[in-house]
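Quick note on labels: first sequence line is chain A, next is B, and so on, each numbered from 1. As a basis for the values below, the full set of heavy atoms in this structure was taken, side chains included, without hydrogen atoms, waters or symmetry mates.
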Number of protein chains: 2
Amino acid sequence: MHSAFVQMDGVKRSLHVQLAREIARKILSGEVAQNEIIPGEMTLCEQFKVSRTSLREAIKLLTSKGLLESKPKVGTRVTGRENWNFLDSQLLDWLIDIGDNEAVYRDFLSLRNALEPEAAALAAMNATAQQRIQLSATFQRMDDISKDFNVETWTEADLEFHRLIFLSTGNSFYLPFANVLCTMFKSFITHSSIQGSTCINEHRAIYSAIMAGDSDKARQANIDLLSKSKRRLPNSTK
Amino acid sequence: MHSAFVQMDGVKRSLHVQLAREIARKILSGEVAQNEIIPGEMTLCEQFKVSRTSLREAIKLLTSKGLLESKPKVGTRVTGRENWNFLDSQLLDWLIDIGDNEAVYRDFLSLRNALEPEAAALAAMNATAQQRIQLSATFQRMDDISKDFNVETWTEADLEFHRLIFLSTGNSFYLPFANVLCTMFKSFITHSSIQGSTCINEHRAIYSAIMAGDSDKARQANIDLLSKSKRRLPNSTK
DNA sequence: GAATAGTATTTGTAATACTATTCTGAGCTA
DNA sequence: TAGCTCAGAATAGTATTACAAATACTATTC
């Protein structure tokens with residue numbers, strides 16, 4: 001391998017990340033089974049035509065996300081599915097890349113159902129002054145776009161709105177969802193399936209409640225939004 | 001460095017994992033600020049007395065969890081807090097190790113509030129036959145222990161019960177919470193603060209509803225359990 | 001003064017050698 | 001025969017060195 005970096009998907013990626021992606025695909029797609037021992041390092045080096053250094057960095061990356069597990073003498077084993085960290089946005093990106101995203105979208109919607117109302121309630125209580133300013137600016141943009149609708153700008157503003165709510169909860173455990181949300185949205189966009197309706201009134205209700213510091217109203221408004229947008233999808237809870 | 005593995009916390013860890021832990025501590029504790037550029041690889045090698053190979057593996061581990069970001073010539077930068085993956089159980093382990101866990105416990109309880117009722121509802125619908133068998137066995141153990149109480153065995157069974165619910169949702173995004181829950185429980189145990197009460201009746205209600213496939217009842221029963229145990233803690237929503 | 005080319009510094013990749021761990025199995029012991 | 005101990009082999013872990021690629025910075029030129 002002569003060039004260390006390769007153009008791919010429009011962005012430059014280091015070699016070990018590309019490698020990790022390839023291996024992750026095989027694991028996530030089930031091409032290599034769970035609890036299976038993958039070939040030894042030297043074998044994989046020859047197979048992928050990379051140095052052991054890079055291969056190991058790729059394996060370490062996957063290990064860190066719970067996909068692999070290495071031990072001397074025994075080898076590197078694919079772990080059980082219950083150990084994959086599905087809330088890692090990079091892993092999610094790989095997962096989406098496989099295609100067959102019906103189940104992924106459905107499961108994610110189910111998670112949003114559980115989380116977003118509570119996140120909105122927390123944001124109403126804990127959002128900082130700066131976060132409230134950002135939320136205001138974003139909602140203003142949504143409001144403008146809803147009057148002169150444009151799919152692209154709307155999608156971006158909508159994403160930013162819900163992302164800010166997660167970031168404004170004041171709860172560290174909600175932060176990762178902001179990135180996961182971004183990854184899912186990007187996939188929604190490229191795979192179309194965006195709805196035209198903006199639900200601007202429902203969004204306004206959430207926004208107002210958060211700004212007013214009314215957590216109960218924020219929670220309920222978010223529930224309303226979800227139940228309204230849910231009706232336009234196949235069926236969210238399976 | 002002569003010995004590759006070192007006894008630590010009772011378990012053997014590879015060098016790069018120990019290194020990652022040390023660096024993670026500095027980041028999570030705020031000893032090194034966000035967006036700060038950390039010293040170059042060679043400098044850190046000398047500082048920690050390790051090879052560049054191991055140091056890089058440590059950095060890659062932290063990068064994978066969103067704590068660091070490297071670019072040629074510019075160096076390795078600590079990312080913003082909104083990129084830490086707090087739902088990674090290894091990262092959580094490091095975080096707990098720092099101490100000052102008041103906020104962590106509170107935030108985690110808040111997350112459980114949002115998630116567990118929905119998880120119970122999903123489990124009622126989607127648990128497989130085998131998962132129902134495991135849940136039965138675990139609840140049976142809880143029931144026995146509640147009559148002849150013992151803190152250790154109870155805690156273990158209680159953990160297993162709630163863990164199984166997450167695993168039985170049939171939703172990939174809920175799986176990581178099973179591991180996060182384990183990590184938190186382990187911390188609860190070592191730092192005491194375990195309550196005596198078992199809430200066996202509330203647990204029984206959840207169990208029965210799941211076995212009966214009644215998702216609404218399962219959700220409500222889980223809400224009841226949380227509201228009851230919440231009252232015994234300082235204040236959960238801040 | 002601005003654009004361009006060159007240079008230096010830092011991370012990325014490669015290749016090799018050696019170490020630590022642990023599975024396997026042979027051989028010994030009870 | 002069953003079980004234990006120890007040696008060896010296989011594999012991941014660590015170290016060292018060398019070079020490549022990327023980019024911030026500097027100098028040169030127009």
Could I get the full list of side-chain hydrogen bond (donor to acceptor under 3.5 Å, both in side chains) partners for A:Gln131, not counting sequence neighbours? A:Thr128

With sequence neighbours left out, what residues match A:Thr183 under side-chain hydrogen bond (donor to acceptor under 3.5 Å, both in side chains)? none

Out of C:dA14, D:dT14, C:dG12, minimum distance to the side chain of B:Ser14 belongs to D:dT14

Parallel under 30°, tilted from 30 to 60°, perpendicular over 60°: which one fits the rings of B:Trp154 and B:Phe149? tilted

In terms of ring plane angle, is the pair B:Phe86 and A:Phe173 parallel, tilted or perpendicular, where the classes change at 30° and 60°? perpendicular

Whole angstroms only, please: what is the [atom1]-[atom2] distance between [X] and [N]?
| X | N | atom1 | atom2 | result |
| --- | --- | --- | --- | --- |
| B:Leu15 | D:dA12 | CG | C1' | 14 Å |
| A:Lys60 | C:dG12 | NZ | C1' | 18 Å |
| A:Met42 | D:dA12 | CE | P | 10 Å |
| B:Arg56 | D:dG13 | CZ | P | 17 Å |
| A:Ile37 | C:dT22 | CD1 | P | 14 Å |
| A:Arg77 | D:dA12 | CZ | C1' | 14 Å |
| A:Leu55 | C:dT13 | CG | C1' | 13 Å |
| B:Glu57 | D:dA12 | CD | P | 13 Å |

Would you indicate whether A:Gln47, at its atom CD, is surrounded by more than 12 heavy atoms from other residues, nucleotides or ligands within a distance under 6.0 Å? yes

Strictly below 4.0 Å: does [X] bring a side-chain N or O up to OP1 or OP2 of [N]?
| X | N | result |
| --- | --- | --- |
| B:His16 | D:dT14 | yes |
| A:Arg52 | C:dA14 | no |
| B:Ser51 | D:dA15 | yes |

Residues that A:Asp144 engages under side-chain contact (heavy atoms from CB on, under 4.5 Å), provided they are two or more places apart: A:Gln140

So what does B:Thr53 hit on the nucleic acid, given a heavy-atom distance under 4.0 Å: a base, only sugar-phosphate, or nothing? base

Output side-chain donor-acceptor pairs under 3.5 Å for residues 67-76 of chain A, partner residues at least two apart or in another chain, one line each.
from, atom 1, to, atom 2, distance (Å)
A:Ser70, OG, A:Thr76, OG1, 2.9

For A:Ala178, does its backbone N or O pair with a side-chain atom of A:Arg163 as donor and acceptor, under 3.5 Å? no

Distance-only, no hydrogens or angles: does the B:Asn101 side chain make a donor-acceptor pair with backbone N or O of B:Ile96 under 3.5 Å? yes

Strand DNA chain D as a dot-bracket string - pairs counted if Watson-Crick or G-U with both distances under 3.5 Å, | where the partner lies in another strand: ||||||||||||||||||||||||||||||

Can you pull every protein N or O that's under 3.5 Å from an N or O on nucleotides 9-11 of chain D?
from, atom 1, to, atom 2, distance (Å)
D:dA10, O4', A:Lys73, NZ, 3.1
D:dT11, O2, A:Lys73, N, 3.3

